[in-house]
Every structure is written in structure tokens, then in C-alpha cells.
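Everything on this sheet refers to the single structure shown next.
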Amino acid sequence: MNIQHPQETITKTYDYKGIIVELVEWSDTVWCGKVGYADNHTDEPNVEKIMEDFMSVSAIPDSREDNWDICMSLNYLSDERPSGVMFGFLVVADIQPDSYDIYRIPAANFLRIRMCDETARALGHEPWTGGIPPYQWIGEQIAPEFGYTYGDDTLPVIEYYGFFKPDDGTHEYCYLYVPVQEDSAAKK
């Protein structure tokens, strides 16, 4: 099953060791949720507090994408800015209830993979069970095989979760998105 979100166009599909890897082009996007940053350039943000703040907001975002939410890892591709996390939703406009933070992402290219046990095994890793997303799987293992490298380090690494199942507290899908650009050194 191919999932495509309103802000993205799948431009290429690759097979890497039996898993589907897609190059997606995103248009400018607006995200509504809660954001928090670490106090310095080396520590992690207080993810539990950010999630608690996100879950405590009772206002309903205007024109949010149905059945999907995200966890963005901000500044993880840079050592020059404190790392941050955002929990939220794709929305149509940045006019939202004041209890939310707004985060804009400019148009960009991402490689994405479905995060599941089968993907981890195909890549030779233990299944991911949470925490910092394994963006290196894409940026350092998959991307070079197809002529890409990490993209702009101001762009987030994104975990895109779909279709929450309240009975067991899990999501039906999770996709990992890592910003990429063509590797100019690979073209020479």
C-alpha cells in the first residue's frame, strides 16, 4: 500500500535490499503542535515534557490532516544549534489556536522508508523501539547507494505516524523521512 500525504509528491521509488525507499518532494508545509529544545548544544530536549504539553492542549487545530501526526527531530543534523522535538499535525494555515506552536518547513526533498521490524532486519539492524530516530539508516546507509547525501541541516528528521489504534496504543504505520540532496561528488 502506497501512502502519500497532501504536501508530497513521490518522485522516485527504489528497492534497497527488498525494502521500498521513496524520494519525496514536499511543498512548503505548516505544522501545528508543541515544540521544545535542549538547553544547550549537547543534551537532548525533555521529550516527555514536550509530549505532556502536546497532549494537554485541548484546542482542536484548524484544517489538520486526518489520522496522521508527527514527531519531528529538529537540528539533529547540526552541531551548531540545540536539538529539539515537535509533536504535531500537518495543517493548512498558520492561524491556529494560541496554545499551539507553529513550525514551517520550506519545500524540500526527503528519502523515506517505512519503519517496521522488516525494514530494520533488511538493513541489518535491531528493530527501532523509540527514542532518536535512526536517521543514519537513510542518510549514511541508503542515500549514498542512490547518489544522495544529507540535505540542508536546518530541515527536520520526521517520524510520520498514521492511523492510531487506541486498543493497543500503537499506530498502523510509521514512516521515517530524512532530508536529502543529490551528492555532487557522486556525479563526478
Legend entry - Rounded distance (nearest 0.5 Å) linking atom CG of Asp69 with atom CG of Leu90: 11.5 Å
Inset, instruction - Find the distance between NZ (Lys12) and CG (Leu111) and round it off to the nearest 0.5 Å. - result: 10.0 Å
Inset, instruction - Evaluate the side-chain proximity of Tyr16 to Leu123: yes if any heavy-atom separation is below 4.5 Å, no if none is. - result: yes
Inset, instruction - Decide yes or no on side chain to side chain contact (heavy atoms under 4.5 Å, CB included) for Met51 and Val85, but give the supporting numbers first. - result: CA-CA 9 Å; Met51 174 58 92; Val85 167; over 6 Å; no
Inset, instruction - Report whether Trp68 and Val92 are members of the same hydrophobic cluster (ILVMFWY, side-chain heavy atoms less than 4.5 Å apart, transitive linking). - result: no
Inset, instruction - Might you work through the side chain to side chain contact (heavy atoms under 4.5 Å, CB included) test for Gln181 and Asn109, ending with a clear yes or no? - result: CA-CA 7 Å; Gln181 62 190 7; Asn109 288 311; over 6 Å; no
Legend entry - For the student: nearest non-hydrogen atoms of Ser99 and Val57, plus distance: OG-CG1, 3.3 Å
Inset, instruction - Kindly write out the residues that satisfy ring-ring contact (aromatic ring centres under 6.0 Å, His included) with Trp26, not counting sequence neighbours, or none if the list is empty. - result: Trp31, Phe110, Tyr177
Legend entry - Same cluster (ILVMFWY, side-chain, under 4.5 Å), Ile50 and Met55: yes
Inset, instruction - Provide the closest heavy-atom pair for Ala120 versus Glu126 in the form atom of the first, atom of the second, distance. - result: CB-O, 3.7 Å
Inset, instruction - Evaluate side chain to side chain contact (heavy atoms under 4.5 Å, CB included) for Val180 paired with Phe146, printing each intermediate quantity in order. - result: CA-CA 11 Å; Val180 295; Phe146 300 111; over 6 Å; no
Legend entry - Ile19 CD1 to Glu118 CD distance, which is reported to the nearest 0.5 Å: 11.0 Å
Legend entry - Hydrophobic cluster membership, Val24 vs Ile20, 4.5 Å side-chain cutoff: no
Inset, instruction - Please work out whether the ring planes of Trp137 and His125 are parallel, tilted or perpendicular, with thresholds of 30° and 60°. - result: parallel
Inset, instruction - Evaluate the side-chain proximity of Met72 to Val35: yes if any heavy-atom separation is below 4.5 Å, no if none is. - result: no
Legend entry - CG (Asp28) with more than 12 external heavy atoms under 6.0 Å: yes
Legend entry - Shortest non-hydrogen contact from Tyr76 toward Pro45: OH-CD, 3.5 Å
Legend entry - side chain to side chain contact (heavy atoms under 4.5 Å, CB included) involving Thr9 - partner list, sequence neighbours excluded: Thr11
Inset, instruction - Might you confirm whether atom CG of Asn40 has over 12 heavy atoms from other residues, nucleotides or ligands at distances under 6.0 Å? - result: yes
Legend entry - Ile132 with Leu77, same ILVMFWY side-chain cluster at under 4.5 Å: yes
Inset, instruction - Assess the side chains of Tyr160 and Glu8: does a donor N or O sit below 3.5 Å from an acceptor N or O? - result: no
Inset, instruction - Any chance you could measure Cys71, atom SG, to Leu176, atom CG, to the nearest 0.5 Å? - result: 10.5 Å
Inset, instruction - Could you tell me whether the side chain of Val30 reaches within less than 4.5 Å of the side chain of Gln96, counting heavy atoms only? - result: no
Legend entry - Glu140 and Tyr150 side chains, donor-acceptor separation under 3.5 Å: yes
Legend entry - Distance, nearest 0.5 Å, that separates CD1 of Ile158 from CD1 of Ile70: 7.0 Å
Inset, instruction - Take Glu159 and Ser73 through the test side chain to side chain contact (heavy atoms under 4.5 Å, CB included) and record every step on the way to the result. - result: CA-CA 8 Å; Glu159 301 157 52; Ser73 296; 4.2 Å; yes
Legend entry - Cluster link Ile113 to Tyr14, ILVMFWY, side chain under 4.5 Å: yes
Inset, instruction - Could you tell me which non-hydrogen atom of Lys17 sits nearest to which non-hydrogen atom of Ala122, and how far apart they are? - result: CD-O, 3.4 Å
Inset, instruction - Over all heavy atoms of both residues, which pair between Pro61 and Pro97 is shortest? Give the atoms and the distance, please. - result: CA-CD, 4.4 Å
Legend entry - Spacing of Asp94 atom CG and Tyr100 atom OH [to the nearest 0.5 Å]: 15.0 Å
